[in-house]
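Since this is a predicted model, take the numbers as computed values, not measurements.
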Amino acid sequence: MSSTPAGVAGRGDRRIEIEGLTKRFGSLVAVEDLSFTVEPGRVTGFLGPNGAGKTTTLRMLLGLVRPTAGRSTIGGKPYHELSQPLGVVGAGLENSSFHPGRSARNHLRWVAATHGIAATRVEEVLELVGLEKDAGRRVGGYSQGMRQRLGLATAMLDDPDVVILDEPANGLDPQGIAWLRSLVRNLAAEGRTVLISSHVLSEVQQSVDDVVVIARGRLVHKGSLTSLGGAAGVEVVASDPAALRAALIAAGLTLTDGPGDRLRVATADVAAVGDVAHAAGVALRYLAPAATDLEQTFFRLVAEGERRR
Amino acid sequence: MTRTIRAEFIKLATTRMWWGMLLGLVALVALNVVPSALFAGQNFGAGIPASPGLDEVAGLTAVYGAGYQSGYLVMLVLGAIIGAADLRHRTATQTFLATPSRGRVIVAKMVVALVAGLLYGAVSQVTTVLVAWPVVLARGAELRLGDSEVLRSLLLAIPGIALWGVIGVALGVLLRNQIAAILVSILYVFVGDPLIAGGLSLADVDGAVPYTPNNVSAAVVGAFTGFDLLTWWAGLLMLLAYGVLIALLGWAIGRRRDIA
């Protein structure tokens, strides 16, 4: 994975390092010899189908599940050696819950008490996730999306350098997902290390810089998002395909054949393709961004990973 | 450590469970003390000897101690609920993310149960006096709250009740399942302990009989049980020892367990 972008101030530059992590439950191998690092100042997507071992990996990283082999550190230390862990790592995990009879504010209050965090900070994180109006209500009446927001508020409570979110988009509506995307981008821009897991690439595709893909507990791919392939493209259909080809090549663009009678242009700039066609006097019948093949690559990687076992 | 204790205290104080249990405690104590005050010293015939009357100190301490077992049973159940609550409501993840040391969390819960137990114990004793008052006076007897034996028995019940909260937490930690911990608590006090004491007595190991938790508790308030009992302070220490031993066992078994 590439290094931290220049210009991002290090918030302690805490890197997540996972080395040879393995977990067996009896004869079932949940995670096997998994190694990867997560860099500060970037958002890393931790991807894989349900049951691939993502949550088990995160729980080992956070000291909740004892690994069969291997080790993991955050900023060079295993989780249990952090003296004020919530100030280093904020985590929202799946299958973690809240007492249904306790209000969101009181939930945050008890977590705050473990680290001597001021009551004003509780109100700040409630506002950050947009729960300030519902904070006095008991969590038992919350929707899945509100629980996700409360989980996020809990993770942010002690202003951590590292943020780990397990399937944070589950239960959020499209607006919520857009909000989450910008929040996560901001956290990375502030220099934090951000790791978000998902079983759906498209859910996190627009927010991640790097990806770690696992299947059946094993690493199948790690690298930047673009390393998954799926370069940007524009698909176009012209009344006179030969004239359009010539014009686009003259404009220095690379062409391939798209599906059907479409021509695929290797650029993200839809308007530029339209301008070239217009200048050449070619009428267009179709002009649109090409469907990205990231998702296809992701499925192929996962399928290959699952076949290996 | 004080932060973890504070957090566990906030957890207890921010659901409705604590005052539901407190209401239950008041009701159970009243239901035991009032009939005891009504029937103390009355002869029902059929060869049943009369209990000591309200004119005797022994009679009054029996009335004031009538709600004691209910009091410590409620506290045992409350402790068990506290001890197993994180697993029941899946708050264990958040608890151990904030405080990775499992031993520290267990100790904090025990401290909280002890402090809450002193409050519950005090409420139990105030309830006892308030409900006994009209009955005792109506039967033409005196409360004799100034009597040193009466007062000592009334006051020692407070730590006696509180320490069962510590045992409850330990039981909840050991059994991990809240419902199971509650059932074991109730069955032990009403069935298990009397059976064990009776069995020990039948097997001629009478020396062990005063050490069963119910008998240790009786020793704390100087209740009459038919057995020779420990001194009150040895009783309190034994209750604490039971709590600590069960908690150590729960910690040793559970400390390497995965939180999933």
Shortest non-hydrogen contact from [X] toward [Y]:
{"X": "A:L64", "Y": "B:F96", "result": "CD2-CB, 3.8 Å"}
{"X": "A:F25", "Y": "B:D258", "result": "CE2-OD2, 3.7 Å"}
{"X": "A:V65", "Y": "B:I259", "result": "CG2-O, 3.8 Å"}

Contact residues of residues 100-119 of chain A (partner chain B; heavy-atom separation under 4.5 angstrom):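 Listed by number: A:P100, A:G101, A:R102, A:N106, A:H107, A:R109, A:W110, A:V111, A:A113, A:T114, A:H115, A:G116.
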
Sorted by number, residues from residues 122-145 of chain A in contact with chain B (heavy atoms, under 4.5 Å):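 The stretch touches chain B at A:R138.
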
Inter-chain contacts: residues 184-193 of chain B against chain A, heavy atoms under 4.5 Å: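 Result: none.
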
Residues from residues 100-124 of chain B approaching chain A under 4.5 Å (heavy atoms):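 Only B:P100, B:R102 of residues 100-124 of chain B have a heavy atom under 4.5 Å from chain A.
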
Pairs of heavy atoms under 4.5 Å with chain A: top-ranked of B:I5, B:T99, B:T95, B:T4: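 With the most close heavy-atom pairs to chain A, the winner is B:T95.
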
Heavy-atom pairs under 4.5 Å with chain A, option from B:R256, B:R6, B:R16, B:R88 with the top count: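 Ranked by heavy-atom pairs under 4.5 Å with chain A, first place is B:R256.
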
Separation of A:L93 CG from B:L97 CG (nearest 0.5 Å):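 B:L97 CG to A:L93 CG: 6.0 Å, rounded to 0.5 Å.
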
B:W18, CH2 atom: more than 12 neighbouring heavy atoms under 6.0 Å: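 Counting other residues, nucleotides and ligands, CH2 of B:W18 stays at 12 neighbours or fewer.
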
Stepwise side chain to side chain contact (heavy atoms under 4.5 Å, CB included) check, B:T14 with A:H99: CA-CA 10 Å; B:T14 52; A:H99 193 298; over 6 Å; no

B:T15, part contacting chain A, at a heavy-atom distance under 4.5 Å: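 Both parts, backbone and side chain.
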
Proximal component of A:T56, with respect to chain B [non-hydrogen, under 4.5 Å]: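 Neither the backbone nor the side chain of A:T56 comes within 4.5 Å of chain B.
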
